[in-house]
Each structure stands twice: as C-alpha cells, then as structure tokens.
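Only heavy atoms go into these numbers, but all of them, side chains included; no hydrogens, no water, no symmetry mates. First listed ligand is number 1; within each ligand, the first listed atom is number 1.
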Amino acid sequence: MTTMTAEQAIDFYGLTEEQSLLRNTLREFADGEIAPRAAGFDEKAEFPWDNIKKMRELGLFGIAFPAEYGGAGLDTLSYAIAVEEISRACASTGITLAAHVSLGTWPIYRFGTEAQKKRYLPALCSGEKLAAFGLTEPEAGSDAGGTKTRAVKEGDQYLVNGRKIYITNGSVCGTAVFTAVTTPDNGVRGISSFIIEKGTPGFTAGSKERKLGHRASDTVELMFENVRLPADQLLGTEGEGFKQFMMTLDGGRISIGAMSLGIAQASLDAAIKYARERRQFGKAIAEFQAVQLLLAEMATELEAARLLVYQTARFKDRGGRFTRHAAMAKLKASTIAMKAASLAIQVHGGAGYMTDHPVERYFRDAKLMEIGEGTSQIQMLVIARELLREAAERPGF
Ligand code: CAA
C-alpha cells in the first residue's frame with residue numbers, strides 16, 4: 001500500500017525515472033514474494049534462503065558496485081530504496097542485504113587492492129557468497145576501538161586469535177572482513193582490517209543467537225583460533241583498520257536509516273488499513289480524530305526521516321565526508337521506526353499485541369534500529385563531535 005504515485009514520488013523525493021522504476025519494481029516484488037512468508041520465517045527463526053535466491057536473480061547483492069566487478073552499478077540512493085522496500089516486507093531479509101552490501105562487501109571495494117577486488121567481488125556481487133562484518137567484541141561494543149582480537153605477523157602470514165560477537169550473516173557468509181590489533185599499545189592506530197574466507201582452518205561460527213526481533217536473520221559469534229591468514233588478506237595498510245571500519249559504518253548508517261523507513265512505512269500502512277476496517281461505536285475507528293492524530297504524527301515524521309535518509313545517500317555519492325548526516329539520518333529514522341511501530345500497535349489496540357497482526361513484529365524489529373551500527377546515544381555523540389570539528393575548521397567561528 002502506498003499513498004504516492006510514481007510521478008509524485010519523482011517530484012517529491014527528487015527521484016530519477018530509474019530510481020522510481022526500481023522503487024515500484026521492488027515494491028511489487030517485496031509484496032508478492034517476500035511479505036507473505038515474513039511472519040513464518042520470524043516465528044521459526046529460519047534464515048530466509050528462498051528470499052536470498054530470489055534477490056540474487058534481481059542482482060540486489062551487487063546493486064551498488066560497478067559492472068566490472070559484477071555489480072549493477074547503481075547509486076547509493078537506489079541501494080537505500082532497495083533496502084527500504086525489502087525491509088518493509090521483511091526486516092530480517094533487509095538486514096541480511098544491508099550487512100552484505102554496506103558492511104561486508106563495501107570495505108573490499110573501497111580499501112581492497114585490485115587483486116582482492118577481482119578475487120572477492122564477483123561472487124559477492126552475484127550473491128553466490130554472502131558477506132559479514134566483524135567489528136563488535138565482548139569488550140568492543142560502543143567502544144569499537146576496544147578490540148582484543150590479535151593478529152601477529154609471522155613471515156608472510158598473520159596468526160589470528162580472538163572472537164567477534166553479534167555478527168550479522170556470520171554463519172551464512174562466504175567471506176568476512178574483520179578488525180584485529182596488529183600493533184598493541186598504539187590505540188586505534190594499532191588496529192588493522194582483514195578479509196577471511198569461510199573454511200579457513202580455525203575460523204568458526206558459534207550457534208545462532210536467540211533474539212527479540214530480526215529473528216530470521218543470522219546473528220552469531222565468530223571465533224579465530226590460531227588462524228593462519230596469508231598477509232595478502234590484509235585490507236589496505238596496517239593501522240588503518242579502525243578508520244576504515246568507521247568509514248564503513250558511515251555508509252552502514254544510511255542502510256539502517258533505510259531499513260527504519262521500511263519498518264515505519266509498514267507500520268503506518270498497517271495502522272491505516274486496520275483503522276479503516278475496525279469498527280467501534282458504530283463506525284470505522286479511522287473516523288475518530290484521536291486515531292487520525294496518531295496517523296498524522298507517524299506519516300509526518302516518516303516523510304521527514306525519508307528526506308534526510310535519501311539526501312544523505314546522495315551526499316555520500318558526491319564524495320565528501322558525510323559522517324554527521326549519516327548519524328543524523330540513522331538517529332531520526334530509527335527513532336520514528338520505533339515510534340511508528342508503537343503507535344501502529346496502539347491503533348490496533350489489543351489485536352496489535354497478538355501475533356495474528358504483523359505490527360508486533362515491526363515493533364520487535366524496530367528496536368534493533370536504535371542499537372545496531374551504533375546506538376542512538378553514539379549517533380548523538382558522533383553528531384556533536386562533527387559539529388565541533390566543523391566549527392573548529394571555520395576561521396573566526
Ligand atoms: N570517518 C573517518 N575517520 C574517522 C571516522 C569516520 N567516520 N570516525 C572516526 N575516525 C577517525 C578519527 O578522525 C580519528 O583519527 P585521527 O586520530 O587521525 O584524528 C580516529 O578515527 C579515532 O576516532 P575517535 O577518536 O573519534 O575514536 P573513539 O575511540 O573516540 O570512537 C566512536 C568513536 C564514535 C565512539 C566509535 O567507537 C563508534 O562509532 N562506536 C560505535 C560502534 C558501532 O557503531 N558499532 C556497530 C557494530 S556493527 C553492527 O552493529 C552491525 C550489525 O551486524 C547490525
């Protein structure tokens with residue numbers, strides 16, 4: 001369900017014809033192929049392989065990478081629209097796509113050597129292999145620089161020991177990127193990043209986490225026990241890993257913004273539908289102003305968040321630093337996703353609390369948006385730091 005035609009979307013969001021066409025095509029695909037099974041995958045906490053197969057056929061896993069590596073060569077806004085539309089139908093499938101593209105594959109494209117790109121990107125762009133991003137550790141959550149995983153250079157290899165937790169796509173991936181300390185006592189400048197392939201001896205995945213939401217997505221621990229990694233699997237140069245991963249998270253935060261839009265839109269659509277159907281006091285509850293106010297609040301905040309996410313996606317492609325705007329887009333969109341899901345349950349009343357309606361799933365899925373890829377509080381911290389940095393760079397300010 002949508003309240004805007006393709007032409008209106010082009011005018012209002014400033015989409016190109018291609019972006020609008022993509023939006024419509026993926027909306028139809030998501031409604032027809034993804035949405036009907038979302039509740040079932042969620043209930044069984046089953047990884048949605050069928051969705052992955054269908055999305056491979058559409059070329060979604062390589063959507064934002066150049067054709068020379070097997071990608072579709074589309075821009076970041078097109079990618080964000082794809083994540084939004086898939087997440088509107090199934091957030092677990094949306095996060096699988098987002099973690100693959102913006103977290104697991106992008107660092108190889110951005111920081112990899114030509115040889116690494118040729119070796120890894122084609123299978124990642126086709127979706128034959130999924131990608132994961134290993135940053136978080138028991139002592140490195142919000143403090144991403146608190147990495148304890150160690151990579152010790154020994155000849156033309158690194159000996160890696162340590163573990164990563166809460167890793168999306170961790171057990172289903174074919175390739176992962178991860179951080180490890182290569183120079184101890186050098187703070188974040190002692191951290192480097194690496195590419196690792198599934199099947200590397202000593203590299204294993206733990207059992208699947210049991211979660212509040214995004215129950216169908218794959219979240220596991222990754223263990224490194226005396227892993228011997230060829231030195232040519234270092235990504236970029238030693239000591240650059242923390243910065244590379246922070247830059248990766250800037251893009252990832254656009255993805256979380258886009259996922260949040262999808263969840264918020266699904267919540268609004270469900271609330272409108274239910275309000276028009278549900279009758280109390282002799283009429284549809286949509287006729288009551290108390291209900292109308294909730295719909296108006298959800299829709300207004302959703303549009304504001306969408307404009308911020310879309311504009312940040314365009315801003316990224318212009319090539320400058322977009323750290324502040326990505327953090328703002330994620331903060332705003334995740335807040336409205338949580339709020340919209342909560343209000344959608346409110347409109348449904350008792351029915352919304354039951355699993356017969358999808359809004360309780362949207363509510364559970366929305367919560368992660370305020371946590372993953374940096375909590376809302378970390379986003380505020382990033383925004384304030386960037387404001388102060390920008391001010392310091394302006395003479396006489
Ligand atoms: N772009 C480029 N460089 C950056 C950068 C960015 N966005 N952010 C930081 N840096 C650079 C800084 O400029 C600095 O470099 P110099 O020393 O050369 O100036 C260096 O990196 C260190 O930066 P900080 O001093 O700001 O580092 P910090 O230790 O204070 O940490 C932080 C900053 C913002 C709190 C950061 O740790 C952070 O973002 N934490 C949240 C982590 C996070 O989002 N985790 C999510 C895990 S992934 C996930 O959730 C995925 C999933 O599966 C769902």
Side-chain angles (χ1 to χ4, degrees), residues 83 87 91-92 94-107 110-111 130-147 164-173 176-179 181 186-193 205 208-209 211-214 217-222 236 239-260 312 315-316 319-328 330-331 334 365 367-390 392-393:
V83 171
S87 303
S92 289
I95 202 170
T96 304
L97 174 66
H100 168 89
V101 174
S102 63
L103 297 184
T105 306
W106 188 82
R110 176 64 178 76
F111 307 113
L130 292 177
F133 175 80
L135 173 65
T136 303
E137 298 184 9
E139 290 179 65
S142 289
D143 179 12
T147 306
K164 302 284 173 182
I165 57 169
Y166 309 149
I167 306 305
T168 305
N169 295 346
S171 79
V172 295
C173 72
V177 291
F178 71 96
T179 48
V181 174
N186 201 21
V188 296
R189 289 198 185 84
I191 297 173
S192 305
S193 71
K208 201 169 163 173
E209 298 284 357
K211 297 171 288 180
L212 172 73
H214 293 261
S217 78
D218 182 66
T219 308
V220 298
E221 185 173 342
L222 292 179
E240 287 291 311
F242 181 80
K243 230 179 232 190
Q244 291 166 347
F245 271 42
M246 287 300 112
M247 290 168 72
T248 304
L249 281 173
D250 285 343
R253 287 168 184 163
I254 295 176
S255 314
I256 299 287
M259 289 185 61
S260 302
T312 303
F315 200 36
K316 175 176 186 270
R321 183 154 168 150
F322 61 98
T323 302
R324 174 160 68 86
H325 290 88
M328 290 166 114
K330 181 196 186 271
L331 176 65
S334 60
D365 288 343
K367 189 60 206 169
L368 183 65
M369 305 293 95
E370 296 185 323
I371 298 171
E373 303 201 31
T375 61
S376 296
Q377 291 68 33
I378 288 291
Q379 304 313 315
M380 286 188 245
L381 197 140
V382 169
I383 294 162
R385 282 187 185 189
E386 288 293 300
L387 284 172
L388 295 170
R389 191 184 58 78
E390 289 161 22
E393 284 171 4

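With rounding to the nearest 0.5 Å, the separation of CG in Leu135 from CG in Leu103 is 9.5 Å. Rounded to the nearest 0.5 Å, atoms CG (Leu249) and CD (Glu373) are 5.5 Å apart.
Of the N and O atoms on the side chains of Ser217 and Lys211, at least one donor lies less than 3.5 Å from an acceptor on the other residue.
Protein residues having at least one heavy atom under 4.0 Å from any atom of ligand 1 are Leu103, Phe133, Thr136, Gly141, Ser142, Ala144, Tyr166, Thr168, Val188, Arg189, Phe242, Lys243, Met246, Met247, Leu249, Asp250, Arg253, Arg321, Thr323, Gly372, Glu373, Gly374, Ile378, Val382, Arg385, listed by chain and number.
At least one donor-acceptor pair under 3.5 Å links the side chain of His214 to the backbone N or O of Asp365.
Ring orientation note: the planes of Phe133 and Phe245 are close to parallel, at an angle under 30° on the 30°/60° scale.
Applying the salt bridge (charged side-chain N to carboxylate O under 4.0 Å, His left out) rule to Glu386 yields the partners Arg321, Arg389; only residues at least two apart in sequence or on another chain are considered.
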